[in-house]
Amino acid sequence: MRIDIISAVPDLLESPLNHSIIKRAKDKGLVEIHIINLHDYGKGSYKQIDDYGFGGDAGMVIKPEPLYRAITDLTSQRKYDQVIYTSPDGGMLDQGMCNSLSTCGNLIILCGHYKGIDHRIREHLITMEISIGNYVLSGGELAACVICDSIIRLIPGALTDETSALSDSFQDGLLAPPIYTRPADFMGWKVPEVLLSGNPRLIRRWQEEQAVERTRKLRPELLDNPCIENNN
Ligand code: SAH
């Protein structure tokens, strides 16, 4: 998989995309991440990328020309499955969307900034808009990192134990059961007896019951409305 991220503040992307599982996936050749500085496509000696919005509202808007040049520079070189814009009014990111994106070959993620981007780019060049929640961030970089992390960990080989992602919350429409590690008794707080039984069938049944119970208690809407649309 190849992901090209277009950003006006590329430094914000550095640390999250260069550690832990994403770094390992890059080192193993499972994913390439290219960060494109939007200012390289800006106008004049100041590399201007923003301007006042029409309509007199407060806040600057990213101009269409640098966005057009940055996106078409990429799309002229290869075919992309999606040209994603991170936006609070986009489709809400969920596990089903992550599963589906993790099977893509090439993705562009465009991070907005200031008041956002000129709407004509959204109408003509963007193929998918993703929100990471009903709140407003200062820029799309953190959203791009969330999208990258949530899809890259699903690429076969990215996690040390590939089956681990399958037992995470949401994959089967349920929250994950509680997890424990050693010691079995910590200051008198005991691990549930069944987990020490060594009986895989009993343990599995207990985990399934706990997953349903926690989902009923914490996120009952998932039981009526599982968010998995593209379970692989
Ligand atoms: N004026 C916009 C908010 C702009 S915030 C509005 O009212 O909808 C600046 C940039 O941050 C956006 O262009 C977008 O790329 C990013 N952003 C903000 N909140 C986001 C969210 N919840 N999900 C994804 N991206 C977000």
Side-chain angles (χ1 to χ4, degrees), residues 1-17 22 31 33-43 47-75 80-102 104 106-154 169-170 219 221 227-230:
M1 174 185 278
R2 174 187 171 116
I3 306 177
D4 290 273
I5 307 178
I6 304 172
S7 162
V9 197
D11 287 354
L12 277 175
L13 298 160
E14 281 305 323
S15 177
L17 300 181
I22 298 187
V31 65
I33 302 180
H34 298 264
I35 296 177
I36 290 107
N37 187 342
L38 189 58
H39 290 275
D40 291 344
Y41 294 88
K43 201 174 138 195
K47 299 287 179 199
Q48 186 191 357
I49 58 161
D50 59 323
D51 209 334
Y52 295 99
F54 284 123
D57 292 332
M60 303 300 276
V61 177
I62 301 189
K63 294 166 69 57
E65 301 92 325
L67 293 169
Y68 183 87
R69 284 197 290 267
I71 294 172
T72 54
D73 201 7
L74 292 169
T75 53
Y80 284 88
D81 298 278
Q82 296 287 357
V83 181
I84 298 168
Y85 174 52
T86 58
S87 182
D89 57 8
M92 196 71 76
L93 186 68
D94 67 13
Q95 195 62 48
M97 209 187 273
C98 298
N99 290 347
S100 157
L101 287 172
S102 73
C104 289
N106 298 321
L107 294 173
I108 292 177
I109 305 179
L110 169 62
C111 308
H113 212 71
Y114 314 114
K115 224 24 203 169
I117 66 170
D118 187 285
H119 201 72
R120 289 165 289 185
I121 295 295
R122 297 176 67 171
E123 287 173 328
H124 294 284
L125 295 184
I126 298 298
T127 61
M128 183 178 197
E129 301 191 329
I130 299 181
S131 166
I132 63 158
N134 288 333
Y135 42 82
V136 175
L137 302 164
S138 313
E141 287 75 13
L142 297 179
C145 291
V146 168
I147 295 167
C148 285
D149 190 302
S150 59
I151 66 178
I152 290 169
R153 67 196 303 284
L154 296 173
S169 291
F170 306 113
R219 298 290 303 277
E221 78 283 5
C227 68
I228 304 305
E229 293 136 24
N230 296 294

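Every number for a ligand or one of its atoms is a count from 1 in the order of the listing.
Annotation for ligand 1: atoms under 4.0 Å from non-hydrogen atoms of Gly116 are 13 (O). Annotation for ligand 1: atoms under 4.0 Å from non-hydrogen atoms of Gly112 are 10 (C), 13 (O), 15 (O). Counting the atoms of ligand 1 from 1 in the order shown, those under 4.0 Å from a heavy atom of Gly140 are 11 (O), 15 (O), 16 (C). Of all the atoms in ligand 1, the ones that sit under 4.0 Å from a non-hydrogen atom of Ser131 are 22 (N), 23 (N), 24 (C). Every atom of ligand 1 with a heavy atom of Val136 under 4.0 Å away is listed here by number and element: 3 (C), 5 (S), 19 (N).
Counting heavy-atom neighbours within 6.0 Å of Phe54 CZ, excluding the residue itself, gives a total of 12 or less. Under a cut-off of 6.0 angstrom, the local environment of CG in Asp89 is crowded, with over 12 non-hydrogen atoms contributed by other residues, nucleotides or ligands.
Considering backbone and side-chain atoms together, Tyr135 places an N or O closer than 3.5 Å to an N or O of ligand 1. Residue-to-ligand polar distances place Leu137 within reach of ligand 1: an N/O pair is separated by less than 3.5 Å. Considering backbone and side-chain atoms alike, Gly133 places an N or O below 3.5 Å from some N or O of ligand 1. Considering both main-chain and side-chain atoms, Ile117 never comes within under 3.5 Å of ligand 1 through any nitrogen or oxygen pair.
Looking from atom 23 (N) of ligand 1 to the surrounding protein, the closest heavy atom is Ile132 N, 3.1 Å. Tyr114 O, 3.3 Å is the protein heavy atom nearest to atom 9 (C) of ligand 1. Closest protein heavy atom to atom 4 (C) of ligand 1: Lys115 O, 3.5 Å. Protein heavy atom nearest atom 15 (O) of ligand 1, with residue, atom name and distance: Thr86 O, 2.6 Å.
For the pair Gly90 and Ser131, the tightest heavy-atom approach, listed with the atom from each and the gap, is O-CB, 3.6 Å.
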Decide yes or no on side-chain contact (heavy atoms from CB on, under 4.5 Å) for Leu110 and Ile71, but give the supporting numbers first.
CA-CA 9 Å; Leu110 169 62; Ile71 294 172; 4.2 Å; yes
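Remark: distances from the non-hydrogen atoms of Asp89 to ligand 1 are all 4.0 Å or more. Heavy atoms of Ile130 come nearer than 4.0 angstrom to ligand 1 in at least one pair. Within the structure, ligand 1 has Ser138 among the residues with a heavy atom less than 4.0 angstrom away.
Taken from CD1 in Ile6 to CD1 in Ile109, the straight-line distance is 10.0 Å, to the nearest 0.5 Å.
If you run side chain to side chain contact (heavy atoms under 4.5 Å, CB included) between Leu107 and each of Asp4, Ile151, Ile5, only Ile151 comes through. Only one option out of Ile3, Val31, Asp149, Ile22 pairs with Leu17 in a side chain to side chain contact (heavy atoms under 4.5 Å, CB included); it is Ile22.
With 3.5 Å as the limit, one finds no donor-acceptor pair spanning the side chains of Glu129 and Ser87.
Residue contacts with ligand 1, taken as heavy atom pairs separated by less than 4.0 Å, involve Ala143 solely via side-chain atoms from C-beta onward. Of all the heavy atoms of Tyr85, the ones lying under 4.0 Å from any atom of ligand 1 belong exclusively to the side chain.
Note that atom 7 (O) of ligand 1 has no protein non-hydrogen atoms nearby, at separations under 4.0 angstrom.
Remark: Arg153 pairs with Asp168 by the salt bridge (Lys or Arg N to Asp or Glu O under 4.0 Å) rule, at least two apart or across chains.
One option in Ser7, Pro88, Cys111 has a heavy atom closer to atom 21 (C) of ligand 1 than any other, and that option is Pro88.
Under a 3.5 Å cut-off, the side chain of Thr127 and the backbone N or O of Val83 do form a donor-acceptor pair. In this structure, the side chain of His113 does not engage the main chain of Gly140 through any donor-acceptor pair within 3.5 Å.
Applying the side-chain hydrogen bond (donor to acceptor under 3.5 Å, both in side chains) definition to pairs two or more places apart or across chains, none involves residues 61-71.
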